[in-house]
Number of protein chains: 2
Amino acid sequence: MGCDTKAPDGYDPRAYPPVAVTVDVVTFTIVDNQLQILLVRRGQRPDKGLWALPGGFVREDEGLEAAALRELHEETGVVAEPRHLEQLGTYGTPDRDPRMRVVTVAYWAILANLPEPKGGGDAAEASLFSVVMVEADALKLAFDHGNIIKEAVERVRSKLEYTTLAAQFCPPEFTVSQLRRVYEAVWNARIDPGNFHRKVTTSPDFLRSTGGSTDPRARGGRPAKIYSPGEAEYISSPIMRSPSPRPTPRRRRPPPEQPKPPR
Amino acid sequence: MGCDTKAPDGYDPRAYPPVAVTVDVVTFTIVDNQLQILLVRRGQRPDKGLWALPGGFVREDEGLEAAALRELHEETGVVAEPRHLEQLGTYGTPDRDPRMRVVTVAYWAILANLPEPKGGGDAAEASLFSVVMVEADALKLAFDHGNIIKEAVERVRSKLEYTTLAAQFCPPEFTVSQLRRVYEAVWNARIDPGNFHRKVTTSPDFLRSTGGSTDPRARGGRPAKIYSPGEAEYISSPIMRSPSPRPTPRRRRPPPEQPKPPR
DNA sequence: TCAAGTTTGTGTTGACAGGACAAGAACCTC
DNA sequence: GAGGTTCTTGTCCTGTCAACACAAACTTGA
């Protein structure tokens, strides 16, 4: 061990190795019907000029979540409180930062429609990027942040299947189609409007009707009922994205080899 | 910030706050048809004498997983490699350790049938405890380890629903009932043998038949086919534990008010 | 005023999955 | 053999869901 102050249970904090602890935040929002994440441009080496997740040191007497919120605000100028903040995982490969050992605790957050991606506050530049662009590796990212983002995207996609978190992307009052467009943006897929409507309106306490309806003057069509989020956190039977592991191709309506007999 | 070496992006590792990073491991195994976890008795203050998760410092040039494995082996004397090791989460409430700021990265692991809970190696005592006992708060635990264990138990329970991890609790070759008893132990519930059998044998590449059968001399009954784990990591349609959110009580067989008409 | 278009919401239908339960299959002991 | 135990398959029935049709409610334009 080479550390003679070490107690028999290997746990004496007064002689701890030099490891820095930081937090990083993957912030999701939906703009223009696309899932976007908030990045800042690094102002110093290493990886100067590359885009990175907002983040920084955890202070000595600061909780991890508090540090994540503080860095999100400080580095991006975002003033709105996230509608959701959740730990994603901790990344501590010894050489992930070339300067020294840095262990980072990653969080992911949902921000309701961020009107304008405000320029960063701390002399840094902040901007929104669509997830499909990031997934296409169209952006050079600092450190292992590409990997962290990849895992965060997978997390938010799967969480929408079995939780009611999608409503957190919406304003406090919204319609079923607005909610559907959240799912379509996050999953990057098209969803049948009728089945989706039935699913979310019958899921217990997912949505609460406010009694109101939209003014259709804007876009034509039947006015939609307005809902606010219910108390339920989980969806009893998940909404499945992409029936990809479709057991059988399940060809609907096999070509009628014989004229349909009247029944 | 009060830290003039801080760069504009708030990220200069040469001036990091004094925070120690440790790992803790929640190790699950099944003994005597019960889900058990491995704990060590603390040999020094604080919480001296209390039971705790095996864990300790992350060394400067050591990965987090490597540190978890090392501490598991060092503190418990376990020689077998875990069949699964996965990050659970990171716990960093500022006052969770009274001596200084300690951020711990928790892992959970699966160990196939540990024959004997070997006494600890590092002058510490190691032992297995059934999860139901720990859940009943029958044990005083150090720090916030009770909370960590609670979250680990929930994690392993839910992972068994949609992954094939249950097989990792079994020896390399096993029968369907052995696998069922894993589910029953982890979920602390009874499962219908027939439906379970159909479910796991038809789930694509969950199990692979070795061709062999058990020798029934031991316990009587029809010999069981022997399987080894397949390549699949996920179960296409999850096995649900406790149909608790049962939509309707679904009274089977409503009392026949009228004699059953032949159809 | 009416047709056409658009969006919202509901009905219908057929396939499928899964729980309750029964029963067959393959072995043991007595 | 009889009876017991365990493994494995079959049956029935119900709930869920995707596909798709269609009704409802509104706008716009002829």
Side-chain angles (χ1 to χ4, degrees), chain A residues 161-162 174-181 183-184 189-204 207 209 212-227 235-256 260 263, chain B residues 161-162 174-181 183-184 189-204 207 209 212-227 235-254 256 260 262-263:
Chain A
E161 291 184 346
Y162 61 96
F174 54 90
T175 68
V176 171
S177 357
Q178 278 181 279
L179 187 66
R180 176 167 49 83
R181 272 183 277 271
Y183 276 92
E184 292 181 331
R190 232 162 261 103
I191 299 176
D192 181 89
N195 292 332
F196 181 82
H197 187 280
R198 191 184 0 253
K199 178 82 185 181
V200 296
T201 51
T202 61
S203 184
L207 303 179
S209 175
S213 295
T214 53
D215 184 349
R217 230 155 306 182
R219 201 73 199 102
R222 175 174 173 174
K225 289 190 189 133
I226 297 182
Y227 295 90
I235 304 175
S236 56
S237 57
I239 307 176
M240 284 313 205
R241 56 177 152 157
S242 77
S244 40
R246 185 154 42 185
T248 59
R250 190 193 265 167
R251 63 270 176 254
R252 177 135 308 271
R253 205 166 302 280
K260 188 189 294 179
R263 12 171 207 159
Chain B
E161 291 184 346
Y162 60 95
F174 54 89
T175 67
V176 171
S177 1
Q178 279 181 279
L179 187 66
R180 177 168 48 82
R181 273 183 276 272
Y183 276 91
E184 291 181 331
R190 231 162 263 103
I191 299 176
D192 180 88
N195 293 332
F196 180 83
H197 188 280
R198 189 183 3 252
K199 178 83 184 179
V200 297
T201 50
T202 61
S203 183
L207 302 180
S209 175
S213 295
T214 54
D215 184 350
R217 230 156 306 180
R219 200 75 198 98
R222 175 174 172 174
K225 287 189 190 135
I226 296 181
Y227 296 90
I235 304 175
S236 57
S237 57
I239 307 176
M240 286 311 206
R241 56 180 151 156
S242 75
S244 39
R246 185 155 40 185
T248 58
R250 189 194 264 168
R251 64 269 176 257
R252 178 134 307 272
R253 205 165 301 280
K260 189 189 295 181
R263 8 171 210 164

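Keep in mind that this is a model prediction, so the values were computed, not measured. Reckoned from all heavy atoms, side chains included, excluding hydrogens, waters and symmetry mates. Naming convention: chains lettered A, B, ... in sequence-line order (proteins, then strands); numbering from 1 in each chain.
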| task | Quickly work out the Arg241(B) CZ to dG18(C) C1' distance and round it to whole Å. | result |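 For the pair Arg241(B) CZ and dG18(C) C1', the rounded distance is 18 Å.
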| Separation of Met240(B) atom CE from dT14(D) atom P, in whole Å? |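 After rounding, the gap between these two atoms is 22 Å.
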| said: If I take atom CD in residue Gln178(B) and atom P in nucleotide dT8(D), what distance separates them, rounded to the nearest angstrom? | reply: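 Going from Gln178(B) (CD) to dT8(D) (P), I get 12 Å.
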| Counting N and O atoms only, with roles assigned by atom type, does the side chain of Ser177(A) sit under 3.5 Å from a partner on the main chain of Arg180(A), one being a donor and the other an acceptor? |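 No, Ser177(A) side chain to Arg180(A) backbone: no donor-acceptor pair under 3.5 Å.
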Polar atom pairs between nucleotides 9-11 of chain C and protein, under 3.5 Å, N or O only, would you list them?
residue : atom : partner   : partner atom : Å
dG9(C)  : OP1  : Lys225(A) : N            : 2.7
dG9(C)  : OP2  : His197(A) : NE2          : 3.3
dG9(C)  : O5'  : His197(A) : NE2          : 3.1
dG11(C) : N7   : Arg198(A) : NH1          : 3.2
dG11(C) : O6   : Arg198(A) : NH2          : 3.1

| Value in whole Å for how far the P atom of dA20(C) lies from CD1 of Ile191(B) |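 For the pair Ile191(B) CD1 and dA20(C) P, the rounded distance is 12 Å.
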| request: Rounded to the nearest 0.5 Å, what's the gap from OG1 on Thr175(A) to CZ on Arg181(A)? Could you check? | output: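 These two atoms lie 6.5 Å from each other.
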| query | What are the two closest heavy atoms between Phe196(B) and Ile191(B), and how far apart are they? | reply |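 Reported closest heavy-atom pair: CB-CG2, 3.8 Å.
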| message | For Ile239(A) versus Lys199(A), what's the shortest heavy-atom pair and its separation? | response |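 Reported closest heavy-atom pair: CG1-CE, 3.8 Å.
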| said: Rounded to whole Å, how long is the line connecting atom CZ of Arg180(B) with atom P of dG19(C)? | reply: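 One finds 14 Å between P of dG19(C) and CZ of Arg180(B), rounded.
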| query | Nearest-Å distance, CZ (Phe196(B)) to C1' (dT8(D))? | reply |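 It works out to 14 Å between those atoms.
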| request: Quick one: closest heavy-atom pair of Ser236(B) and Pro204(B), and the distance? | output: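 Scanning both residues, the minimum pair turns out to be OG-CD, 4.2 Å.
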| said: My understanding is that only residues two or more places apart in sequence, or in another chain, count here; which of them pass side-chain hydrogen bond (donor to acceptor under 3.5 Å, both in side chains) with Thr201(B)? | reply: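 Checked Thr201(B) against side-chain hydrogen bond (donor to acceptor under 3.5 Å, both in side chains); zero matches.
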| message | Taking only side-chain N and O atoms of Ser237(A), does any of them lie within less than 4.0 angstrom of OP1 or OP2 on dG15(D)? | response |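 Checking dG15(D) against Ser237(A), no side-chain N or O comes under 4.0 Å of OP1 or OP2.
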| Lys199(B) side chain, from C-beta outward: closest of dT8(C), dC17(D), dG18(C) |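 So the side chain of Lys199(B) is nearest to dG18(C).
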